[in-house]
Amino acid sequence: MALKSDLFIGGNWIAGAERIPVTDPSDESTITEISLAGEKEVEMAVSAAYNAQKSWAKTAPRVRGEILRKAFELMVQEADAIATIVVKENGKIFTDARNEVIYAAEFFRWFAEEAVRINGEFRHAPSGDKRFLVTQQPIGVSLLITPWNFPAAMATRKIGPALAAGCTTILKPATETPLTALAVVDILQRAGVPDGVVNVILPKQTGKAVSSMLHDPRIMNLSFTGSTEVGRVLLKESADRIVRTSMELGGNAPVVIFDDADLDVAVQGTLVAKMRNGGAACTAANRIYVSKKIAKDFTARLTDAMAKIKMAPGLSEGAQLGAFVSMKERNKIAELVDVAVKGGADVKTGGKIVTEKGAFYPPTVLEVDAKNEILKHEVFGPVAPIVTFDDDNHAIEMANDTEFGLISYVFSSNLGRAIRAAEAIESGMVAINRGVISDPAAPFGGVKQSGIGREGGFDGINEFLEKKYIGVEI
Ligand code: ADP
């Protein structure tokens, strides 16, 4: 698969206003140079999406679904090639990249199936003399903004439901990882997506271009995945034209391990919840609360497992932890660990940059007290701060002591106790005795400042539909 590095607008590959390098963070080499969109190209993308909207909305749901199904098949067939692009521009290890590509493809399959299940209602009014018809229509041109940590899956999780619902799209991938998004739209084009239905632009000036699109009457919907900080700015921008928004924002996931947890399951689950994607996930375990009764054993075993992880460039043999997307992101992790250590953290393993070249940070386990500053931040890396607790209720209080509420993890052998904890924890998702629960068929999303709306599952398509009520006199 030849690397695509131009903008994709109206079904054409377009060289933009200028080019900037895309960097491989494992050795800081340039992979290729990517086109940037100036004002002209941004306008071209909005026009292309707008002009395609009516006919795409009218395209039979079965046809829309079959295109998505074809895209799923192509993506699975070409998973290795796409995963290699993900590794190169993101830095993660090949296994994580391949798992991501398969997970990403599943959004196309799931929403291919959902395209033909957009339902409505026919009801009798309570008064009996009228009828209520409720139908669902595509919202219209949707702006999709995605982050660098899952460059394939965050794109398909939005494109899948948008296309199934009958919306046309403009995707703005993260500046660090545009090549994966272009590989995904190349597949969509080969699967038969009509010109203009999916467009990809990387604006020269992100903030300005996104603001101008959110003020353009042709843009009806915004689906954003990224930091809470940027999400807040975009919500304000969207307010001017009451643009419909869905927001998948930051997380600071707690893990609560009760004294009756199966220790093998808890260690393995925490390890996966922490280390999937090198810890660069909004679902990553960030605050690990362990019952004092089992803390010594748990910490020793987690430390042992973390210390054994092999850190190496993502495509190299046996690599278990790759590079982070950029030196800037790597340095953010290092700074947070330094702050934790200044605040009294006891470093069990890792805790220091050990490589000269590349954006690497080693697996790190810290024992901290409940007030340590690191617990207030979303650490986008392989750092596991452990806090001990005596009392279940106190553990839940600490888990809830955050403005975030995306996901939580609970480990216990007593299902009743685990469910009581899951109900008391303020988060949109709770994993019980598992380290990963993301699934295209389940509703992903947060409460509090972790977001608005849900992606995947039966809910995901609703972010691209609006209801129309038709009242009939009979
Ligand atoms: P992360 O660092 O987790 O990827 P960000 O919120 O920084 O989170 O970025 C998520 C996406 O939002 C990226 O595509 C990024 O380029 C984009 N972005 C960043 N700042 C802005 C902004 N001011 N306006 C619009 N989009 C932005």
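Both counts, for ligands and for their atoms, begin at 1 and track the order of listing.
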Do NZ/NE/NH1/NH2 and the carboxylate oxygens of Arg218 and Asp216 come within less than 4.0 Å?
-> yes
Lys310 atom NZ, over 12 foreign heavy atoms within 6.0 Å | yes
Do Thr23 side-chain atoms and Pro25 backbone N/O form a donor-acceptor pair below 3.5 Å?
-> no
Roughly how far, to the nearest 0.5 Å, is the CD atom of Gln189 from the CZ atom of Phe8?
-> 4.0 Å
Pair Glu237, Ser211: side-chain N/O donor-acceptor within cut-off below 3.5 Å | yes
Would you be so kind as to tabulate the donor-acceptor pairs closer than 3.5 Å made by side chains of residues 192-200, with sequence neighbours excluded?
residue, atom, partner, partner atom, Å
Asn199, OD1, Gly10, N, 2.8
Asn199, ND2, Thr169, O, 3.0
Asn199, ND2, Gly196, O, 2.9

List, for ligand 1, each N/O atom that has a protein N/O partner under 3.5 Å away, with both atom names and the distance.
residue, atom, partner, partner atom, Å
ligand 1, 2 (O), Trp148, NE1, 3.3
ligand 1, 4 (O), Trp148, NE1, 3.3
ligand 1, 6 (O), Ser227, N, 2.9
ligand 1, 6 (O), Ser227, OG, 2.7
ligand 1, 8 (O), Ser227, N, 3.3
ligand 1, 14 (O), Thr146, O, 2.7
ligand 1, 14 (O), Lys172, NZ, 3.2
ligand 1, 16 (O), Lys172, NZ, 3.0

